[in-house]
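Below is one structure; the comments refer to it alone.
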Amino acid sequence: MTVFVTGGAGFIGANFVFHMLNTYPGYRIVCLDKLTYAGNLSTLSPVMDNPNFRFAKIDICDREAIYKLFEEEKPDIVVNFAAESHVDRSIENPEIFLQTNILGTQVLMDACRKYGIQRYHQVSTDEVYGDLPLDRPDLFFTETTPIHTSSPYSSSKAGADLLVMAYNRTYELPVTISRCSNNYGPYHFPEKLIPLMIANALADKPLPVYGEGLNVRDWLYVEDHCRAIDLIIHNGKVGEVYNVGGHNEMKNIDIVKLICKELGKPESLITYVTDRKGHDMRYAIDPTKIHNELGWLPETKFADGIKKTIKWYLDNKEWWETIISGEYQNYYEKMYGNRAEV
Ligand code: NAD
Ligand code: TDX
(Lines give C-alpha, C1' and ligand atoms only; values in the text may rest on other atoms or scores of the structure.)
(Ligands and ions follow the chains in the order given, each with its own letter.)
Protein backbone atom coordinates (compact mmCIF):
# COMPACT_ATOMS: atom_id res chain seq x y z
CA MET A 1 0.00 0.00 0.00
CA THR A 2 1.42 3.38 -1.01
CA VAL A 3 -0.01 6.46 0.71
CA PHE A 4 0.64 10.01 -0.49
CA VAL A 5 0.61 12.55 2.33
CA THR A 6 0.54 16.08 0.94
CA GLY A 7 1.57 18.87 3.32
CA GLY A 8 3.43 16.29 5.42
CA ALA A 9 6.11 18.78 6.48
CA GLY A 10 3.46 20.85 8.30
CA PHE A 11 1.92 20.39 11.72
CA ILE A 12 -0.81 17.76 11.29
CA GLY A 13 0.66 16.17 8.15
CA ALA A 14 3.96 15.40 9.92
CA ASN A 15 2.15 13.92 12.90
CA PHE A 16 0.17 11.80 10.41
CA VAL A 17 3.37 10.62 8.66
CA PHE A 18 4.74 9.45 12.04
CA HIS A 19 1.43 7.80 12.92
CA MET A 20 1.26 5.89 9.62
CA LEU A 21 4.91 4.72 9.67
CA ASN A 22 4.47 3.50 13.27
CA THR A 23 1.10 1.86 12.72
CA TYR A 24 1.67 0.25 9.29
CA PRO A 25 5.29 -0.91 8.95
CA GLY A 26 4.42 -2.48 5.58
CA TYR A 27 3.12 0.74 3.98
CA ARG A 28 5.12 3.09 1.78
CA ILE A 29 4.53 6.71 2.82
CA VAL A 30 5.36 9.41 0.30
CA CYS A 31 5.28 12.99 1.60
CA LEU A 32 4.76 15.78 -0.97
CA ASP A 33 5.30 19.29 0.30
CA LYS A 34 6.13 22.64 -1.27
CA LEU A 35 7.96 23.69 1.93
CA THR A 36 6.27 27.05 2.31
CA TYR A 37 7.02 29.12 5.42
CA ALA A 38 4.88 26.56 7.33
CA GLY A 39 6.69 23.46 6.06
CA ASN A 40 9.75 22.32 7.95
CA LEU A 41 11.94 19.53 6.67
CA SER A 42 13.71 19.19 10.02
CA THR A 43 10.40 17.97 11.48
CA LEU A 44 10.68 14.90 9.25
CA SER A 45 14.35 14.19 10.07
CA PRO A 46 13.48 11.22 12.37
CA VAL A 47 11.96 9.35 9.37
CA MET A 48 14.11 10.58 6.47
CA ASP A 49 16.22 7.40 6.48
CA ASN A 50 13.26 5.05 6.86
CA PRO A 51 13.23 2.88 3.70
CA ASN A 52 9.41 3.04 3.67
CA PHE A 53 9.47 6.83 3.49
CA ARG A 54 10.12 9.25 0.64
CA PHE A 55 10.02 13.05 0.66
CA ALA A 56 9.33 14.99 -2.56
CA LYS A 57 9.47 18.79 -2.67
CA ILE A 58 6.47 19.53 -4.89
CA ASP A 59 3.78 22.20 -5.16
CA ILE A 60 0.37 20.50 -5.42
CA CYS A 61 -0.55 23.14 -8.04
CA ASP A 62 2.29 21.91 -10.31
CA ARG A 63 0.36 19.51 -12.54
CA GLU A 64 3.36 18.17 -14.43
CA ALA A 65 5.33 17.35 -11.27
CA ILE A 66 2.29 15.80 -9.60
CA TYR A 67 1.51 13.58 -12.61
CA LYS A 68 5.16 12.49 -12.77
CA LEU A 69 5.12 11.45 -9.12
CA PHE A 70 1.84 9.55 -9.58
CA GLU A 71 3.39 7.70 -12.53
CA GLU A 72 6.46 6.80 -10.48
CA GLU A 73 4.78 5.83 -7.22
CA LYS A 74 1.26 4.70 -8.24
CA PRO A 75 -0.35 5.65 -4.90
CA ASP A 76 -3.32 3.68 -3.55
CA ILE A 77 -4.44 6.43 -1.18
CA VAL A 78 -3.93 10.21 -1.24
CA VAL A 79 -4.47 12.23 1.95
CA ASN A 80 -4.45 15.95 1.23
CA PHE A 81 -3.25 18.08 4.14
CA ALA A 82 -1.45 20.62 1.92
CA ALA A 83 -2.98 24.03 2.44
CA GLU A 84 -2.45 27.59 3.43
CA SER A 85 -3.87 27.23 6.93
CA HIS A 86 -3.71 30.50 8.85
CA VAL A 87 -6.87 32.64 8.99
CA ASP A 88 -4.98 35.90 9.73
CA ARG A 89 -2.75 35.44 6.68
CA SER A 90 -5.84 34.81 4.52
CA ILE A 91 -7.25 38.15 5.62
CA GLU A 92 -4.03 39.86 4.47
CA ASN A 93 -3.60 37.97 1.19
CA PRO A 94 -6.45 35.70 0.06
CA GLU A 95 -5.09 34.77 -3.38
CA ILE A 96 -2.56 32.08 -2.42
CA PHE A 97 -5.34 30.45 -0.35
CA LEU A 98 -7.54 30.07 -3.41
CA GLN A 99 -4.62 28.78 -5.49
CA THR A 100 -3.32 26.12 -3.12
CA ASN A 101 -6.48 25.15 -1.30
CA ILE A 102 -8.82 24.97 -4.29
CA LEU A 103 -6.74 24.65 -7.47
CA GLY A 104 -4.16 22.41 -5.78
CA THR A 105 -6.97 20.10 -4.69
CA GLN A 106 -8.22 20.00 -8.27
CA VAL A 107 -4.78 19.02 -9.63
CA LEU A 108 -4.49 16.20 -7.08
CA MET A 109 -7.94 14.86 -7.92
CA ASP A 110 -7.25 15.09 -11.67
CA ALA A 111 -4.14 12.97 -11.07
CA CYS A 112 -6.23 10.50 -9.07
CA ARG A 113 -8.67 10.22 -11.99
CA LYS A 114 -5.91 9.83 -14.55
CA TYR A 115 -3.86 7.20 -12.73
CA GLY A 116 -6.59 5.50 -10.65
CA ILE A 117 -6.85 5.46 -6.89
CA GLN A 118 -8.53 3.54 -4.07
CA ARG A 119 -9.22 6.63 -2.00
CA TYR A 120 -8.75 10.40 -2.12
CA HIS A 121 -9.13 11.94 1.33
CA GLN A 122 -9.57 15.67 1.84
CA VAL A 123 -8.53 17.07 5.22
CA SER A 124 -11.02 19.86 5.77
CA THR A 125 -12.03 21.94 8.77
CA ASP A 126 -14.98 22.77 11.00
CA GLU A 127 -14.54 26.39 9.85
CA VAL A 128 -16.52 25.60 6.69
CA TYR A 129 -19.68 25.65 8.85
CA GLY A 130 -19.12 29.25 9.96
CA ASP A 131 -19.68 29.90 13.65
CA LEU A 132 -22.22 29.31 16.41
CA PRO A 133 -23.58 31.89 18.88
CA LEU A 134 -22.17 31.89 22.41
CA ASP A 135 -25.66 31.92 23.94
CA ARG A 136 -26.73 28.62 22.30
CA PRO A 137 -24.49 25.96 23.89
CA ASP A 138 -27.01 23.35 22.72
CA LEU A 139 -26.00 23.88 19.05
CA PHE A 140 -23.24 21.85 17.36
CA PHE A 141 -21.94 21.38 13.82
CA THR A 142 -23.17 18.15 12.24
CA GLU A 143 -22.25 16.89 8.77
CA THR A 144 -25.51 18.36 7.45
CA THR A 145 -24.96 21.86 8.85
CA PRO A 146 -24.95 24.22 5.85
CA ILE A 147 -21.63 25.58 4.60
CA HIS A 148 -21.48 29.23 5.70
CA THR A 149 -17.98 30.63 5.71
CA SER A 150 -16.47 33.75 7.28
CA SER A 151 -12.84 34.14 6.16
CA PRO A 152 -11.01 33.76 2.85
CA TYR A 153 -9.33 30.71 4.47
CA SER A 154 -12.58 28.96 5.36
CA SER A 155 -14.11 29.92 2.00
CA SER A 156 -11.18 28.32 0.18
CA LYS A 157 -11.52 25.15 2.25
CA ALA A 158 -15.27 25.08 1.57
CA GLY A 159 -14.64 25.62 -2.15
CA ALA A 160 -12.32 22.63 -2.12
CA ASP A 161 -14.89 20.50 -0.27
CA LEU A 162 -17.55 21.30 -2.85
CA LEU A 163 -15.15 20.37 -5.64
CA VAL A 164 -14.29 17.08 -3.91
CA MET A 165 -17.97 16.14 -3.67
CA ALA A 166 -18.48 17.18 -7.31
CA TYR A 167 -15.62 14.89 -8.42
CA ASN A 168 -17.31 12.07 -6.54
CA ARG A 169 -20.70 12.64 -8.13
CA THR A 170 -19.52 13.52 -11.64
CA TYR A 171 -16.50 11.23 -12.08
CA GLU A 172 -17.22 8.70 -9.31
CA LEU A 173 -13.88 9.49 -7.70
CA PRO A 174 -13.75 7.53 -4.39
CA VAL A 175 -13.47 10.41 -1.95
CA THR A 176 -13.95 11.08 1.75
CA ILE A 177 -13.77 14.35 3.69
CA SER A 178 -12.99 14.97 7.37
CA ARG A 179 -13.86 18.24 9.09
CA CYS A 180 -11.92 18.60 12.29
CA SER A 181 -11.90 21.20 15.03
CA ASN A 182 -8.78 23.05 16.27
CA ASN A 183 -5.76 20.77 16.75
CA TYR A 184 -2.91 21.27 19.20
CA GLY A 185 0.27 19.32 19.95
CA PRO A 186 3.92 18.96 18.84
CA TYR A 187 5.15 20.77 15.70
CA HIS A 188 2.32 23.33 15.75
CA PHE A 189 3.60 26.40 13.91
CA PRO A 190 4.16 29.29 16.36
CA GLU A 191 1.82 31.71 14.53
CA LYS A 192 -1.18 29.79 15.94
CA LEU A 193 -2.73 30.57 19.33
CA ILE A 194 -1.30 27.87 21.62
CA PRO A 195 2.33 27.73 20.42
CA LEU A 196 2.44 31.52 20.01
CA MET A 197 1.35 32.03 23.60
CA ILE A 198 3.84 29.43 24.87
CA ALA A 199 6.72 31.03 22.95
CA ASN A 200 5.80 34.58 24.01
CA ALA A 201 5.24 33.62 27.66
CA LEU A 202 8.63 31.91 27.81
CA ALA A 203 10.21 35.13 26.50
CA ASP A 204 8.13 37.26 28.91
CA LYS A 205 6.60 39.01 25.89
CA PRO A 206 2.99 40.33 25.74
CA LEU A 207 0.32 37.69 25.04
CA PRO A 208 -1.91 39.26 22.34
CA VAL A 209 -5.51 38.16 22.90
CA TYR A 210 -7.91 39.27 20.15
CA GLY A 211 -10.98 41.23 21.27
CA GLU A 212 -12.15 40.13 24.71
CA GLY A 213 -10.80 36.59 24.39
CA LEU A 214 -14.31 35.15 24.68
CA ASN A 215 -14.24 33.24 21.38
CA VAL A 216 -14.62 29.50 21.84
CA ARG A 217 -12.64 26.78 20.04
CA ASP A 218 -13.10 23.00 20.34
CA TRP A 219 -9.57 21.64 20.92
CA LEU A 220 -8.38 18.18 19.88
CA TYR A 221 -4.96 16.60 20.45
CA VAL A 222 -3.33 16.11 17.05
CA GLU A 223 -2.80 12.33 17.44
CA ASP A 224 -6.54 11.87 17.93
CA HIS A 225 -7.12 13.64 14.61
CA CYS A 226 -4.51 11.38 12.92
CA ARG A 227 -6.26 8.25 14.24
CA ALA A 228 -9.58 9.55 12.93
CA ILE A 229 -8.17 10.03 9.42
CA ASP A 230 -6.56 6.58 9.57
CA LEU A 231 -10.00 5.07 10.36
CA ILE A 232 -11.75 7.06 7.63
CA ILE A 233 -9.31 6.14 4.84
CA HIS A 234 -9.53 2.44 5.75
CA ASN A 235 -13.15 2.02 6.85
CA GLY A 236 -15.04 5.23 6.00
CA LYS A 237 -17.76 5.19 3.34
CA VAL A 238 -16.93 6.69 -0.05
CA GLY A 239 -18.70 9.99 -0.70
CA GLU A 240 -19.15 10.74 3.02
CA VAL A 241 -18.13 13.62 5.27
CA TYR A 242 -17.00 12.90 8.85
CA ASN A 243 -16.83 15.55 11.57
CA VAL A 244 -13.98 15.09 14.04
CA GLY A 245 -13.93 16.73 17.48
CA GLY A 246 -13.69 15.82 21.14
CA HIS A 247 -16.28 18.03 22.89
CA ASN A 248 -13.59 20.18 24.40
CA GLU A 249 -14.76 23.76 24.09
CA MET A 250 -12.65 26.46 25.68
CA LYS A 251 -12.56 30.25 25.61
CA ASN A 252 -9.31 31.69 24.23
CA ILE A 253 -8.71 33.67 27.40
CA ASP A 254 -8.94 30.52 29.54
CA ILE A 255 -6.37 28.77 27.33
CA VAL A 256 -3.98 31.71 27.65
CA LYS A 257 -4.44 31.87 31.44
CA LEU A 258 -3.82 28.11 31.67
CA ILE A 259 -0.57 28.47 29.71
CA CYS A 260 0.53 31.26 32.08
CA LYS A 261 -0.24 29.02 35.06
CA GLU A 262 1.58 25.98 33.66
CA LEU A 263 4.65 28.08 32.86
CA GLY A 264 4.57 30.04 36.13
CA LYS A 265 4.18 33.34 34.25
CA PRO A 266 2.03 36.30 35.42
CA GLU A 267 -1.35 36.98 33.78
CA SER A 268 -0.22 40.61 33.52
CA LEU A 269 1.50 39.52 30.27
CA ILE A 270 -1.96 39.22 28.70
CA THR A 271 -2.67 42.15 26.34
CA TYR A 272 -6.05 42.60 24.70
CA VAL A 273 -5.57 43.74 21.11
CA THR A 274 -7.75 44.69 18.13
CA ASP A 275 -10.03 41.82 17.18
CA ARG A 276 -9.58 39.65 14.07
CA LYS A 277 -11.82 40.86 11.22
CA GLY A 278 -14.88 38.63 10.84
CA HIS A 279 -13.79 36.65 13.92
CA ASP A 280 -15.84 33.45 14.35
CA MET A 281 -17.37 33.28 17.84
CA ARG A 282 -17.70 29.57 18.58
CA TYR A 283 -16.86 26.25 16.94
CA ALA A 284 -18.32 23.03 18.35
CA ILE A 285 -18.31 19.65 16.62
CA ASP A 286 -20.86 16.89 16.99
CA PRO A 287 -18.72 13.75 16.44
CA THR A 288 -21.61 11.24 16.72
CA LYS A 289 -21.27 9.95 13.14
CA ILE A 290 -17.58 9.00 13.31
CA HIS A 291 -18.14 7.47 16.75
CA ASN A 292 -21.14 5.38 15.68
CA GLU A 293 -19.83 4.32 12.25
CA LEU A 294 -16.11 3.94 12.89
CA GLY A 295 -15.85 3.63 16.69
CA TRP A 296 -13.61 6.71 16.97
CA LEU A 297 -13.24 8.44 20.32
CA PRO A 298 -10.59 10.95 21.41
CA GLU A 299 -7.99 9.41 23.74
CA THR A 300 -6.17 12.47 25.10
CA LYS A 301 -7.93 14.68 27.62
CA PHE A 302 -7.17 18.39 27.24
CA ALA A 303 -5.67 18.62 30.76
CA ASP A 304 -3.08 15.96 29.78
CA GLY A 305 -2.64 17.07 26.16
CA ILE A 306 -1.82 20.67 27.03
CA LYS A 307 0.77 19.52 29.62
CA LYS A 308 2.36 17.19 27.02
CA THR A 309 2.34 20.00 24.46
CA ILE A 310 3.94 22.55 26.78
CA LYS A 311 6.59 19.96 27.74
CA TRP A 312 7.26 19.33 24.05
CA TYR A 313 7.84 23.05 23.42
CA LEU A 314 10.16 23.20 26.44
CA ASP A 315 12.09 20.11 25.29
CA ASN A 316 12.27 21.20 21.64
CA LYS A 317 13.18 24.87 21.85
CA GLU A 318 15.54 24.61 18.91
CA TRP A 319 12.70 23.60 16.58
CA TRP A 320 10.59 26.71 17.24
CA GLU A 321 13.38 29.13 18.10
CA THR A 322 14.83 28.54 14.63
CA ILE A 323 11.44 29.45 13.17
CA ILE A 324 10.82 32.56 15.22
CA SER A 325 14.33 33.90 14.69
CA GLY A 326 13.95 34.01 10.89
CA GLU A 327 11.40 35.50 8.47
CA TYR A 328 8.77 35.01 11.18
CA GLN A 329 9.99 38.22 12.85
CA ASN A 330 8.82 40.26 9.85
CA TYR A 331 5.47 38.47 9.97
CA TYR A 332 5.12 39.19 13.69
CA GLU A 333 5.94 42.86 13.27
CA LYS A 334 3.47 43.19 10.37
CA MET A 335 0.60 41.37 12.11
CA TYR A 336 1.06 42.55 15.68
CA GLY A 337 3.12 45.76 15.38
CA ASN A 338 0.09 47.87 14.41
CA ARG A 339 -2.48 45.97 16.45
CA ALA A 340 -3.63 48.53 18.98
CA GLU A 341 -4.16 47.53 22.60
CA VAL A 342 -7.83 47.71 23.57
P1 NAD B 1 0.31 23.84 8.35
O2 NAD B 1 0.21 25.23 7.83
O3 NAD B 1 1.10 23.58 9.59
O4 NAD B 1 0.96 22.92 7.21
C5 NAD B 1 0.61 23.01 5.86
C6 NAD B 1 1.66 22.27 5.04
O7 NAD B 1 1.26 22.33 3.66
C8 NAD B 1 3.06 22.91 5.11
O9 NAD B 1 4.04 21.91 5.27
C10 NAD B 1 3.22 23.60 3.76
O11 NAD B 1 4.56 23.67 3.32
C12 NAD B 1 2.38 22.69 2.87
N13 NAD B 1 1.89 23.39 1.66
C14 NAD B 1 1.31 24.61 1.59
N15 NAD B 1 1.04 24.91 0.29
C16 NAD B 1 1.44 23.84 -0.44
C17 NAD B 1 1.41 23.55 -1.83
N18 NAD B 1 0.91 24.43 -2.72
N19 NAD B 1 1.89 22.36 -2.25
C20 NAD B 1 2.40 21.47 -1.36
N21 NAD B 1 2.48 21.70 -0.05
C22 NAD B 1 2.00 22.88 0.42
O23 NAD B 1 -1.18 23.33 8.48
P24 NAD B 1 -1.83 22.26 9.49
O25 NAD B 1 -2.30 22.99 10.68
O26 NAD B 1 -0.95 21.10 9.61
O27 NAD B 1 -3.14 21.87 8.65
C28 NAD B 1 -3.12 20.77 7.75
C29 NAD B 1 -4.49 20.63 7.13
O30 NAD B 1 -5.46 20.41 8.13
C31 NAD B 1 -4.94 21.87 6.36
O32 NAD B 1 -5.60 21.43 5.19
C33 NAD B 1 -5.91 22.55 7.30
O34 NAD B 1 -6.87 23.27 6.58
C35 NAD B 1 -6.50 21.36 8.03
N36 NAD B 1 -6.98 21.61 9.40
C37 NAD B 1 -6.15 22.16 10.33
C38 NAD B 1 -6.60 22.33 11.63
C39 NAD B 1 -5.71 22.92 12.72
O40 NAD B 1 -6.19 23.15 13.83
N41 NAD B 1 -4.44 23.16 12.47
C42 NAD B 1 -7.90 21.93 11.99
C43 NAD B 1 -8.72 21.37 10.99
C44 NAD B 1 -8.25 21.21 9.72
O1 TDX C 1 -2.42 35.94 18.50
C2 TDX C 1 -3.54 35.39 18.53
N3 TDX C 1 -4.48 35.83 19.43
C4 TDX C 1 -5.74 35.32 19.52
O5 TDX C 1 -6.54 35.75 20.34
C6 TDX C 1 -3.91 34.31 17.64
C7 TDX C 1 -2.93 33.79 16.64
C8 TDX C 1 -5.18 33.80 17.74
N9 TDX C 1 -6.09 34.29 18.62
C10 TDX C 1 -7.44 33.71 18.66
C11 TDX C 1 -8.16 33.63 17.34
C12 TDX C 1 -9.01 32.39 17.48
O13 TDX C 1 -10.24 32.71 18.11
O14 TDX C 1 -7.29 32.35 19.08
C15 TDX C 1 -8.21 31.49 18.40
C16 TDX C 1 -7.41 30.41 17.66
O17 TDX C 1 -6.72 31.06 16.62
P18 TDX C 1 -5.80 30.25 15.59
O19 TDX C 1 -4.78 29.46 16.36
O20 TDX C 1 -5.32 31.21 14.55
O21 TDX C 1 -6.82 29.17 15.01
P22 TDX C 1 -8.23 29.32 14.24
O23 TDX C 1 -8.38 30.65 13.61
O24 TDX C 1 -9.30 28.89 15.20
O25 TDX C 1 -8.03 28.22 13.07
C26 TDX C 1 -7.43 26.93 13.36
O27 TDX C 1 -8.40 25.94 13.51
C28 TDX C 1 -9.10 25.54 12.35
C29 TDX C 1 -6.44 26.55 12.26
O30 TDX C 1 -5.45 27.57 12.12
C31 TDX C 1 -7.14 26.28 10.97
O32 TDX C 1 -6.20 25.85 9.98
C33 TDX C 1 -8.17 25.20 11.20
O34 TDX C 1 -8.92 24.96 10.06
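In each ligand, atom 1 is the first atom listed, and ligand 1 is the first ligand listed. Counting from 1, the numbers follow the sequence of the chain as shown.
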| task | Determine yes or no for a side-chain-to-main-chain donor-acceptor pair under 3.5 angstrom, with D76 supplying the side chain and T2 the backbone. | result | yes

| query | Looking just at side-chain N and O atoms, do Y332 and N200 make a donor-acceptor pair shorter than 3.5 Å? | reply | yes

| query | K157: heavy atom below 4.0 Å from ligand 2, yes or no? | reply | no

| remark: Ordered by chain then number, the protein residues lying under 4.0 Å from ligand 1 by heavy atom are G7, A9, G10, F11, I12, D33, K34, L35, T36, A38, G39, I58, D59, I60, F81, A82, A83, S85, T100, V123, S124, T125, Y153, K157, C180, S181, N182, N183

| request: Would you please test F16 and H225 for ring pair (Phe, Tyr, Trp, His ring centres under 6.0 Å) and show each step? | output: CA-CA 9 Å; F16 186 73; H225 186 191; 8.6 Å; no

| field | Proximal atoms of ligand 2 relative to V209 (non-hydrogen, under 4.0 Å) | value | 5 (O)

| Distance from atom 32 (O) of ligand 2 to nearest protein heavy atom, with residue and atom | S85 O, 2.8 Å

| said: Could you check whether T149 and S154, counting side-chain N and O atoms only, form a donor-acceptor pair closer than 3.5 Å? | reply: no

| task | Spell out, as yes or no, whether a donor-acceptor pair under 3.5 Å connects the side chain of T170 to the backbone of N168. | result | no

| query | Who passes side-chain hydrogen bond (donor to acceptor under 3.5 Å, both in side chains) against Y153, sequence neighbours left out? | reply | none

| task | Within a distance under 4.0 Å of any heavy atom of T125, pick out the atoms of ligand 2 and give their elements. | result | 28 (C), 33 (C), 34 (O)

| task | Among all protein heavy atoms, pick out the one at the shortest distance from atom 17 (O) of ligand 2; state its residue, atom name and that distance to 0.1 Å. | result | R276 NH2, 3.9 Å

| note | The atoms of ligand 2 lying under 4.0 Å from a heavy atom of E127, numbered in the order shown, are 22 (P), 23 (O), 24 (O), 25 (O), 26 (C), 27 (O), 28 (C), 31 (C), 33 (C), 34 (O)

| message | Given Y129, which partner from the list N243, D280, T145 fulfils the side chain to side chain donor-acceptor pair (under 3.5 Å) test? | response | N243

| said: For atom 1 (O) of ligand 2, what's the nearest protein heavy-atom neighbour? Residue, atom name and distance, please. | reply: Y336 OH, 2.6 Å

| task | Just need the protein heavy atom nearest to atom 3 (N) of ligand 2, so name the residue and atom and give the distance. | result | P208 O, 2.8 Å

| For ligand 2, is E191 a contact, meaning one of its heavy atoms is under 4.0 Å away? | yes

| field | Closest to atom 16 (C) of ligand 2 among D131, L207, L193 (heavy-atom distance) | value | L193

| Does A82 offer a backbone N or O that forms a donor-acceptor pair with the side chain of T6 under 3.5 Å? | yes

| said: How far is atom 21 (O) of ligand 2 from the closest protein heavy atom, and which atom is that? | reply: N182 ND2, 3.5 Å

| request: Check ligand 2 against H86 and write out every atom of the ligand that is under 4.0 Å from a heavy-atom position of the residue. | output: 20 (O)

| task | Looking only at distances, please establish whether an N/O atom of ligand 2 is found under 3.5 Å from an N/O atom of R217. | result | yes

| What residues, two or more places apart in sequence or in another chain, satisfy side-chain hydrogen bond (donor to acceptor under 3.5 Å, both in side chains) together with Y187? | none

| Is a side-chain donor-acceptor pair under 3.5 Å present for K289 with T142? | no

| query | Numbering the atoms of ligand 2 from 1, which are under 4.0 Å from a heavy atom of Y153? | reply | 31 (C), 32 (O), 33 (C), 34 (O)

| Between D88 and Y210, does any side-chain donor sit less than 3.5 Å from a side-chain acceptor? | yes

Could you pull out every donor-acceptor pair under 3.5 Å between side chains of residues 296-312 and any protein atom, sequence neighbours left out?
from, atom 1, to, atom 2, distance (Å)
W296, NE1, D224, O, 3.0
T309, OG1, G305, O, 2.7
K311, NZ, D315, OD2, 2.5

| For H279, atoms of ligand 2 separated by under 4.0 Å from a heavy atom | 11 (C), 12 (C), 13 (O)

| What's the shortest distance from atom 14 (O) of ligand 2 to any protein heavy atom, and which residue and atom give it? | N252 ND2, 3.3 Å

| From Y283 OH over to S181 OG, what is the distance, rounded to the nearest 0.5 angstrom? | 11.0 Å

| task | Please confirm whether F189 and Y37 have ring centers closer than 6.0 angstrom. | result | yes

| Closest protein heavy atom to atom 2 (C) of ligand 2, given as residue, atom name and distance to 0.1 Å | Y210 CZ, 3.4 Å

